[in-house]
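Shown next, in structure tokens, is the structure this report addresses.
First the proteins, then the strands, lettered A, B, ... as listed; each starts at 1. Note that the structure is predicted; figures quoted are calculated from it, not measured.
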Amino acid sequence: MGNFVLARMAQSLISLIGLVVLVFFLVRLTGSPADLYLPDDASEAARQEYIRIHGLDRPMIVQFWEFFSGLFRLDLGESLRQARPAAQIVLEAYPTSLKLAGLTMLISVIGAVLLGVWAAVRPTGLLDRVISILSLASASAPNFWVALTLISVFAVWLRVVPTSGIGGWEYWILPITVLTLRPLGLLAQVVREAMIRALTAPYVRTAKSKGVPFRSVLFVHALRNASLPILTMAGNQAVGFINGSVVIESIFGFPGVGKLMIDAIQQRDFAVVQAGVVITAVVIFLMNILIDVAYALLDPRIRHK
Amino acid sequence: MTELNNTRDNPPGAPSIQAEMVATRTRTPYLYFLIRDPVAVLAALWLLFLLFCALFGEWLFGDLARGMNLAARAAPFGTTEGGLVNILGADALGRPILARIIVATRVTLGIAMASAIAALIIGTLIGLWAGFKGGWTGRVIMQLSDVLQSFPSILLAMVVLYMLSPSPLNLILVLAVGQLPVYIRVARAEVLELRERLFVDAARVIGARPYQIIAMHIGPMVIPTVINIVTIDFALIMLSESSLSFLGIGVQAPNITWGLMVSQGKDYLETAWWMAFFPGLMIMLSTLSINLMANWTRRIRDPRERWRFERAKQA
């Protein structure tokens, strides 16, 4: 188990370095920050001065080395826009996004297990068909459109929740609802599929003939065995969470990491983009380890290998 | 059939199990199951409708969708003033939403289809190569594909589209690159299994070159798997394209896509909800139909689920 995690860590480290190189050069191709941060009529001398102060005139490879060696000192550079450490800005945005992600995943997994198990009890029955179509629909809906629709109904028309911003719990309802839809729909399908497979296994018949109540057969015997594919999909969704949160956080004006990244890219705030990517990669890396450990906990075959 | 009847396991004259299976298969074509499933029929009809819009929409409604009509500015949903084409309302420049939705079908589906096909071809080729070569090359390719996969694809697309202009071609490439890892992974996994098979050894022994083995012996076995993935991928790419267009870095006016229409309508949420609502509904109905059809084909082909359809037929 220890070796397994170590090997995974080594592999992820290589990926992380590749990612850092990629992002460093990609963001620099978006153009010079001097065009964005100085007024249009700034003199050429002022532009040169700006570029010199921020070290943007040095050879690319020198800039890269400075950034790369900074990584080992946990120094991710300074934001051009806010003139403070980029890592600090990103870390301040992270709790909001993680809370959003955590609540979303929690609701999706619980909802998906209930719906999926319910549908799997009688495959191709009426309930199964309804749940299948609803879960497909919720996975197919473009989340920005759902967000706009919910805003117009509940915030603009009924005025029961605020349109955007952050504050008390009422600000979290709409973003979480929107972000839950896709993982919930995808997971419900996976749960259904895995449960149908698990329910045809001989041990289910054995349990039933021994007189185990059907509810325990479902949620104890079958669900445990169906949990691996569910974990895979939940893990994928959790890891890919930032994709959905970029758009949703912008629509709801949520000060999370998705909104921070989209703003930073638009403002050519290189250090913040890089810090965001590096820290996100580390978060994804930690999540992957958690998922691997969860696999081992759920499946004794993996644990004893 | 007679050949099958004379297999060793069966006495001559008795119908063999194989023959029975072949017969059931030929007796119940997919169309038969399709007609019995109303949801699948609706999805198929919707996709046919989209195909029609993509082919003839521009020709039928092209002028209406682009020409300004100040008299009909922000005409509300349900109005028949100025013709039935205004039934879904009009946008801020008086252009009928219905006409614009229909005209947008071509670009929306075209971009998604082009990226899906590009990702399918490029990803599968890379995956085939990585799996066949194995060793060091294979590992480097997989490592790169992991990098690509762990990076949030929407951020990658944003960086690239800010860097290059958001032209349709760049958009197609960016969307395709984001989907490459899926195909690389799947194609490689299949090859790793296939290249140990006897027929590949046989081909190698009679002197086939690596590219011949890939193209003629391994490739055809991998194609069904990746084709299965591409249908679901198509819906996913459509969603990504609409997100990017919604953020303003995807398709640009005067081109029209559904995602762009939602984006154009979002500033009028309080006064004219129909501008953003209907294009978004189109995205959802279309991705839903594609997913429904993909799901249906998968279930009907999967022997573990197919018998349920067969039994339902007999009942």
Leading residue by heavy atom contact count with chain A [cutoff under 4.5 Å; candidates Leu236(B), Leu288(B), Leu285(B)]: Leu288(B)
Checking Ile251(A) against chain B: side chain, backbone, both or neither under 4.5 Å from a heavy atom? side chain
Minimal non-hydrogen separation, Leu136(A) against Asn291(B), with atom names: CD2-CB, 3.5 Å
Does a side-chain heavy-atom distance below 4.5 Å link Phe144(A) with Ser263(B)? no
Could you tell me which portion of Leu292(B) (side chain, backbone, both or neither) has an atom closer than 4.5 angstrom to a non-hydrogen atom of chain A? both
Greatest number of heavy atom pairs closer than 4.5 Å to chain B - which of Val247(A), Ile133(A), Ile262(A): Ile262(A)
Is it the backbone or the side chain of Val277(A) that comes under 4.5 Å from a heavy atom of chain B, or both, or neither? side chain
For Ile283(B) against Pro142(A), the heavy-atom pair lying closest together: CG2-CG, 3.6 Å
Should the heavy atoms of other residues, nucleotides or ligands under 6.0 Å from OH of Tyr268(B) be counted, would the total exceed 12? no
The criterion is side chain to side chain donor-acceptor pair (under 3.5 Å); which residues satisfy it with Asn255(B), sequence neighbours excluded? none
Taking a cut-off of under 4.5 angstrom between non-hydrogen atoms, the residues of residues 151-162 of chain A near chain B are Ile151(A), Ser152(A), Val156(A)
Drop me the distance from Trp273(B)'s CH2 to Leu148(A)'s CG, to the nearest 0.5 angstrom. 13.5 Å
For Ala139(A) versus Leu239(B), what's the shortest heavy-atom pair and its separation? O-CD1, 4.2 Å
Please state whether the rings of Phe277(B) and Trp145(A) are parallel, tilted or perpendicular, taking 30° and 60° as the class boundaries. tilted
Spacing of Phe246(B) atom CZ and Ser250(A) atom OG [to the nearest 0.5 Å]: 8.0 Å
Reported CD-to-CG distance for the pair Glu193(A) and Asn295(B), which is rounded to 0.5 angstrom: 7.5 Å
Proximity breakdown for Ile249(B) and chain A, heavy-atom pairs closer than 4.5 Å: neither
